[in-house]
Amino acid sequence: MKILFVASECAPFVKTGGLADVIGALPRALAAAGVNVRVLIPAYPGLRALAGRATSVMTFDDLSGGRARIRILHTEGLELMLLDAPRHFDRAGTPYLGPDGKDWPDNDRRFAALSLAAAKLAMEGAGGWRPDIIHVHDWQTGLVPAYLAQSGRMTPPVVMTIHNIAFQGLFDASRLPELKLDHKLFTPEGFEYHGRIGFLKAGLALSDKITTVSPNYARELLTPDFGMGLEGLLRARQNDLTGIVNGIDDDLWNPETDPNLVRNYSARSLKRKVANKREIEARFGLQRSDGPLFCVISRLTSQKGIDVLLDCLPDLVGQGGRLALLGTGESHLEARCVAAAKLDPGRIGVIIGYDESLSHLLQGGSDAILIPSRFEPCGLTQLYGLRYGTLPIVSRTGGLADTVIDANEAALAAGCATGFQFTPVHPTALAPSIARACAIYRQADVWTAMVRRAMRHPVGWGRSARAYHRIYSNLPAA
């Protein structure tokens, strides 16, 4: 079975969020099940050196207004295909934003080029390789099934995964000719969305199967509160919609071998975890304390509930807790975080920015990780927390609800609790959960049992890869 993954980012080559981690890890897990996966992503500036080592397997004289080629190489355990299209992707900034922090004005043309290249690869093959199935991810690749549908040819089936429905890729209808889209598909049943071109809607309407990144999020997407205007389409296609929880890379995120930790540890050697806590205290300017050390590793946005957390900081500190926060995002929330640290030095430490190595250290040395998201399709930081014995405190939404077992009386009595859940996303619900965590932390035997149980909780890609394999196996042949 040959699968072509198409995405806008892939760890460790280019990453802005959890999508990249999935694209970097899931193909390797599928390979273990005998599936041949190739991953197609754009050749951004940071990948120019890789592109220079890769073999050209397909060329385009005019791909959305520019010459391009697809190159392939084997690296980091992946068969990586790079869309070398300098006009569209060889520019400063992030994959989506210019140096000014605003969306590239031609994002529609850029990611239409990625989708068109993938569709041509699917139909024609390259270097003797032609995929049996196309697996596309998020709005940036949503036009792949549209280009296949309008080709009039027999084409491989398409699976579309929604990683976050809040980002839909909506563009002006006047762009139809430039994007080489057939006006016949610009209908409510196709990719028309309130008079605009909907990249994500194209994928949802025209793919053979739809997946999303947790069972609970799949259910939430059928409701107006979470469906973001596409709940009607998803309800109509709910028999084709499956929620499969994400996993993490067990090799990259392993407290026994992680080189980012001051001292490695396992569930059998938890006392070694303390050395990492001492390093966090030094890095964040925190005083030692008998209370728990909480951490936050997050984009600082309202979606992530950072405003609610900030309102709970007096309760956290009042319970004897301390906080180490690493993140960047909305300027007013960054300013509030910095102000909180200045108001309570020694008990609240804040670093604005993102540092992959430091995020590993925070997981390795903190006692608990706070994730008060208003919505969270799956979430990965709580999975990292489980793996490292840093107990997650999460809102009861999306994949957070699927992956963390709340330490209520019944779960504690049954010996199955792995963290703490709360709802709604409001200080009156979060503050009591922080208080519960602090109370259990003072019961050393109970806390240690929870930590060991969390570290044994399966968070790798094995089961999820098998679920994707079942979906692929049940698709009709091209």
Side-chain angles (χ1 to χ4, degrees), residues 17-18 21-22 25 213-214 245-258 260-261 264-267 270 272-274 276-277 279-280 284 292-299 304-306 309 316 321-327 354-373 376-407 411 416-422 430 433-434 436-438 440-441 446-461:
D21 293 307
V22 174
V213 291
S214 69
V245 72
N246 282 339
I248 64 172
D249 187 326
D250 276 319
D251 295 326
L252 184 64
W253 292 89
N254 183 350
E256 296 184 49
T257 58
D258 192 335
N260 300 288
L261 302 187
N264 296 112
Y265 63 94
S266 70
L270 287 176
R272 297 179 182 174
K273 187 175 166 77
V274 175
N276 299 299
K277 179 185 286 190
E279 181 67 15
I280 293 170
F284 284 82
L293 172 60
F294 297 89
C295 74
V296 171
I297 309 163
S298 178
R299 286 185 291 114
K304 298 296 185 179
I306 300 302
L309 171 62
L316 185 152
R322 296 161 298 152
L323 175 68
L325 181 148
L326 172 67
Y354 185 72
D355 182 320
E356 185 76 12
S357 177
L358 184 54
S359 73
H360 282 246
L361 178 66
L362 284 167
Q363 293 282 13
S366 301
D367 298 300
I369 182 167
L370 289 156
I371 311 170
S373 303
E376 195 67 65
C378 179
L380 293 176
T381 52
Q382 86 278 11
L383 301 181
Y384 302 146
L386 292 169
R387 185 80 170 92
Y388 282 63
T390 298
L391 300 185
I393 301 175
V394 304
S395 54
R396 193 173 298 141
T397 187
L400 301 177
D402 283 324
T403 53
V404 177
I405 301 172
D406 182 60
C416 61
T418 59
F420 305 86
Q421 291 188 13
F422 68 93
L430 175 55
S433 287
I434 292 172
R436 281 199 294 143
C438 291
I440 292 177
Y441 183 79
V446 179
W447 184 270
T448 299
M450 281 186 65
V451 167
R452 288 183 171 142
R453 190 179 307 119
M455 294 180 74
R456 292 193 299 267
H457 189 79
V459 293
W461 273 107

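Quantities reported herein were computed from a predicted structural model and do not represent experimental measurements.
Within the 4.5 Å cutoff, the side chain of Val296 has heavy atoms near those of the Leu370 side chain. No side-chain heavy atom of Asp21 sits less than 4.5 Å from a side-chain heavy atom of Ile248. At a threshold of 4.5 Å between non-hydrogen side-chain atoms, the residues Val245 and Cys378 count as touching. Looking at Asp250 and Arg387, their side chains come closer than 4.5 Å, going by heavy atoms from C-beta outward. With a 4.5 Å cut-off on side-chain heavy atoms, Trp447 and Leu391 count as touching. Within the 4.5 Å cutoff, side-chain heavy atoms of Trp461 are placed close to those of Val22. Two residues are said to be in side-chain contact when any heavy atoms from C-beta on lie closer than 4.5 Å; Ser298 and Ile371 fail this criterion.
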Could you go step by step and tell me if Ile393 and Leu430 meet the side-chain contact (heavy atoms from CB on, under 4.5 Å) rule?
CA-CA 9 Å; Ile393 301 175; Leu430 175 55; 4.3 Å; yes
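Among all heavy-atom pairs drawn from Gly419 and Val404, the shortest one is CA-CG1, 3.7 Å. Between Tyr388 and Asp258 the shortest heavy-atom distance is OH-OD2, 2.6 Å. Minimum interatomic distance between Ile440 and Ala407 (heavy atoms only, all atoms of both residues): CD1-CB, 4.1 Å. Heavy-atom minimum distance, Arg272 versus Asn264: CD-O, 3.3 Å. Residues Asp249 and Ala25 come closest through the heavy atom pair CB-CB, 4.4 Å. Of all heavy-atom pairs spanning Thr448 and Leu270, the tightest one is CG2-CD1, 3.9 Å.
Between Asp406 and Arg436 there is a salt bridge, since at least one side-chain N of the basic residue sits less than 4.0 Å from a carboxylate O of the acidic one.
Side chain of Thr390 to main chain of Ser366: a donor-acceptor pair is present (N/O by atom type, distance under 3.5 Å, no hydrogens or angles). Remark: the backbone N or O of Thr381 is paired with a side-chain donor or acceptor of Gln363 at under 3.5 angstrom. With hydrogens and angles disregarded, a donor-acceptor distance shorter than 3.5 Å links the side chain of Thr418 to the backbone of Ile405. At least one donor-acceptor pair closer than 3.5 Å links the side chain of Ser395 to the backbone N or O of Ser373. Remark: side-chain polar atoms of Glu376 are not paired, donor with acceptor, to backbone N or O of Pro372 under 3.5 angstrom. Remark: side-chain polar atoms of Asp367 are paired, donor with acceptor, to backbone N or O of Leu293 under 3.5 angstrom. Arg453 places a side-chain N or O within donor-acceptor distance of the main-chain N or O of Ala417, the cut-off being under 3.5 Å.
Side-chain contact annotation: Tyr265 with Asn276, donor-acceptor N/O pair under 3.5 Å absent.
One distance of note links NZ of Lys277 with CZ of Arg322; it measures 6.0 Å at 0.5 Å rounding. For the atom pair CZ of Phe420 and CZ of Arg396, the computed distance is 13.0 Å after rounding to the nearest 0.5 Å. Leu361 CG to Phe284 CZ: the interatomic distance, rounded to the nearest 0.5 Å, is 8.0 Å. Taking CD of Glu256 as the start and CE of Met455 as the end, the distance is 7.0 Å to the nearest 0.5 Å.
The aromatic rings of Tyr384 and Trp253 sit parallel to each other, their planes meeting at less than 30°, with 60° as the upper class boundary.
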